[in-house]
Amino acid sequence: MLIVQKFGGTSVGNADRIKNVARRVAQTRAEGHDVVVVVSAMSGETDRLIGLAHQISALPDQREMDMLISTGERVTIALLAMALQESGVAARSFTGRQVGILTDAAHTNARIEQITAERLREALAEGVVPVVAGFQGINQRSDVTTLGRGGSDTTAVALAAALKADLCDIYTDVDGVYTTDPNIVPNARKLAKVSYEEMLEMASLGAKVLQTRSVEFAMKYQVPVRVRSSFNDHEGTLVTKEDQEMEQEVVSGVTYDKNQAKVTLLGVPDRPGIASKIFGTLARENTVVDMIIQNIGQGGMTDISFTVPKADARRAKENLTKLAEEMGVQEIQLTENIAKVSIVGVGMRSHSGVAAKMFSSLAAEGINILMISTSEIKISCVIDSKYTELAVRTLHDVFELSKTPPQKTEKGKPKAAKRVSK
Ligand code: ADP
Ligand code: ASP
Ligand code: MG
């Protein structure tokens with residue numbers, strides 16, 4: 001088999017842990033498999049580099065930012081290649097550029113467009129284990145780009161797809177995907193299997209165990225992904241196609257995202273074309289907008305609120321300032337202390353009362369809801385970030401997620417559900 005193994009920041013957090021990773025890779029080799037390794041920067045390193053940049057500049061140039069934050073992964077590829085060589089495994093480190101990871105030009109949040117992987121194929125043919133820097137690529141001009149926070153997962157899955165690997169193992173500091181973040185809710189339950197679709201929703205709503213784009217790649221190219229711990233040999237969670245054995249719970253997971261900020265435009269003229277101007281401006285700057293709320297207009301004026309990643313919030317506000325002046329907007333407000341708490345589940349498609357239950361349980365804890373958005377398989381609420389943990393625990397409890405779900409009907413099919421709206 002050809003296996004791509006990805007090790008996250010905690011797994012390569014110090015020299016001993018890097019040696020431990022080398023032992024795992026050596027063992028997989030000894031079992032007769034070909035291995036391509038992808039690593040992140042040592043834990044805390046990317047944050048440290050971003051912090052340094054902000055000591056120099058409030059709005060650092062994005063190209064320089066990528067030049068800076070791509071260095072963390074260069075350290076770990078070299079150290080791991082050395083550790084592998086020490087344990088008698090032929091290994092060679094590669095940057096994103098060296099393995100031909102070509103991306104678009106969106107610095108700090110680039111998308112992979114193509115992977116040539118020539119050097120990887122060469123190394124594999126020679127029996128050498130390639131150790132690839134996650135999170136980075138190059139654009140058309142050969143400038144270094146990075147793939148967004150948590151992007152090493154995407155490097156791993158994209159390489160697995162490009163090389164048609166049999167499996168992509170994501171080794172991290174938890175031993176699988178849980179009903180919610182096990183570091184917040186100790187009785188969260190590990191899922192044996194989760195569908196691409198559900199994982200995509202959980203990831204995009206903040207379950208940072210896998211970067212959203214890695215799940216998109218896995219789904220598109222049907223790469224089986226396993227999430228496992230690098231510190232024990234537990235089974236882990238398989239992310240794969242939806243099947244009959246999978247749980248069809250109404251609510252299967254709770255997620256939270258503290259990395260969003262809310263921008264509010266007060267006193268916006270209520271006329272056609274205004275929203276298109278605002279969001280067109282943000283789109284040109286590659287700012288990803290999540291929730292949008294527009295109030296009912298009064299006296300020809302309205303208010304618009306939307307959420308963006310915290311890292312882009314100041315830039316977004318800055319970019320809108322000129323437009324806001326031209327349009328006669330009264331004020332732009334930025335609120336950073338918010339969190340988005342969501343419940344996810346494919347079974348939600350066919351059940352009613354789920355949203356009401358979510359809102360009433362948050363209300364019972366005195367948690368005010370600032371924004372709401374729903375889709376077929378999720379409901380999200382924006383709240384004050386100081387209530388995040390309380391909200392996650394409450395929802396995990398109310399929807400009884402620590403309980404093992406009941407067995408399916410005899411034919412292995414999930415019980416038929418009434419088709420009613422949320
Ligand atoms: P790595 O550095 O290995 O990429 P991350 O910190 O990016 O690791 O992702 C692992 C973390 O994801 C866990 O430590 C856990 O706190 C968090 N997490 C959030 N939601 C979940 C979930 N539903 N299941 C498992 N882990 C989760
Ligand atoms: N080092 C990068 C980050 O911290 C990429 C990753 O860890 O996946 O976001
Ligand atoms: Mg990660």
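In listed order, ligands and their atoms are each counted from 1.
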Below a 4.0 angstrom heavy-atom separation, can you tell me which part of Ile184, side chain or backbone, both or neither, approaches ligand 1? neither
Which of the atoms in ligand 2, numbered in the order shown and given with their element, are less than 4.0 Å from a heavy-atom of Ser40? 6 (C), 7 (O), 8 (O)
Within a distance under 4.0 Å of any heavy atom of Lys6, pick out the atoms of ligand 1 and give their elements. 4 (O)
Ranking Lys6, Glu73, Met42 by closest non-hydrogen atom to atom 1 (N) of ligand 2, top hit is Glu73
Atoms of ligand 1 under 4.0 Å from any heavy atom of Val177, numbered from 1 in the order shown, are 24 (N)
Where is the nearest protein heavy atom to atom 3 (O) of ligand 1: which residue, which atom, and how far? Thr172 OG1, 2.7 Å
Proximal ligand 1 atoms for Pro182, defined as those under 4.0 Å from one of its heavy atoms: 24 (N), 25 (C), 26 (N), 27 (C)
List the steps and the verdict of salt bridge (Lys or Arg N to Asp or Glu O under 4.0 Å) for Arg48 and Glu45. CA-CA 5 Å; Arg48 188 184 73 85; Glu45 179 62 8; 3.1 Å; yes
Which of the numbered atoms in ligand 2 are below 4.0 angstrom from a heavy atom of Arg149? 3 (C), 4 (O), 9 (O)
What do you reckon, does Gly134 put a non-hydrogen atom under 4.0 Å from ligand 2? no
Are the side chain of Gln136 and the backbone N or O of Gly96 linked by a donor-acceptor pair below 3.5 Å? yes
Please write down residue, atom name and distance for the protein heavy atom closest to atom 13 (C) of ligand 1. Asp173 OD1, 3.5 Å
How far is atom 23 (N) of ligand 1 from its nearest protein heavy atom, and which residue and atom is that? Tyr178 O, 2.9 Å
Among all the protein's non-hydrogen atoms, which is closest to atom 7 (O) of ligand 1, and how far away is it? Lys208 O, 3.5 Å
What protein heavy atom is closest to atom 2 (O) of ligand 1, reported as residue, atom name and distance in Å? Gly9 N, 3.1 Å
Give me the residue, atom name and distance of the protein heavy atom closest to atom 12 (O) of ligand 1. Val209 N, 3.5 Å
Partner of Tyr196 by side-chain contact (heavy atoms from CB on, under 4.5 Å), out of Lys220, Gln222, Glu242: Gln222
Determine, stepwise, if the pair Val250 / Phe399 fulfils side chain to side chain contact (heavy atoms under 4.5 Å, CB included). CA-CA 9 Å; Val250 176; Phe399 290 100; 5.8 Å; no
Tell me if a side-chain donor or acceptor on Arg23 pairs with a main-chain N or O of Ser87 at a distance below 3.5 Å. no
Could you check whether Arg349 pairs with Glu197 (Lys NZ or Arg NE/NH1/NH2 to Asp/Glu carboxylate O, under 4.0 Å)? yes
Backbone of Lys208 reached by a side-chain donor or acceptor of Gln211 within 3.5 Å: no
State the atoms of ligand 1, each with its element, that fall below the 4.0 Å cut-off from a heavy-atom position in Met202. 23 (N)
Identify the closest protein heavy atom to atom 6 (C) of ligand 2: which residue and atom is it, and at what distance? Ser152 OG, 3.4 Å
In the protein, which heavy atom is nearest to atom 25 (C) of ligand 1, and how far is it? Gly176 O, 3.3 Å
Considering only protein heavy atoms, which is closest to atom 15 (C) of ligand 1, and at what distance to one decimal place? Asp181 OD1, 3.2 Å
With a 6.0 Å cut-off (strictly less than), is the heavy-atom count around CD of Glu122, excluding the residue itself, greater than 12? yes
Should Glu336 and Arg314 count as an ion pair when the cut-off is N to O under 4.0 Å? yes
Go through the steps for Thr10 and Asp173 under the test side-chain hydrogen bond (donor to acceptor under 3.5 Å, both in side chains), then give the verdict. CA-CA 6 Å; Thr10 322; Asp173 55 5; 3.3 Å; yes
Could you list which atoms of ligand 2 come closer than 4.0 Å to a heavy atom of Gly150? 3 (C), 5 (C), 6 (C), 8 (O), 9 (O)
Would you call the rings of Phe306 and Phe279 parallel, tilted or perpendicular, taking 30° and 60° as the class edges? perpendicular
Short N-O contact, Asp47 and Arg149, less than 4.0 angstrom: yes
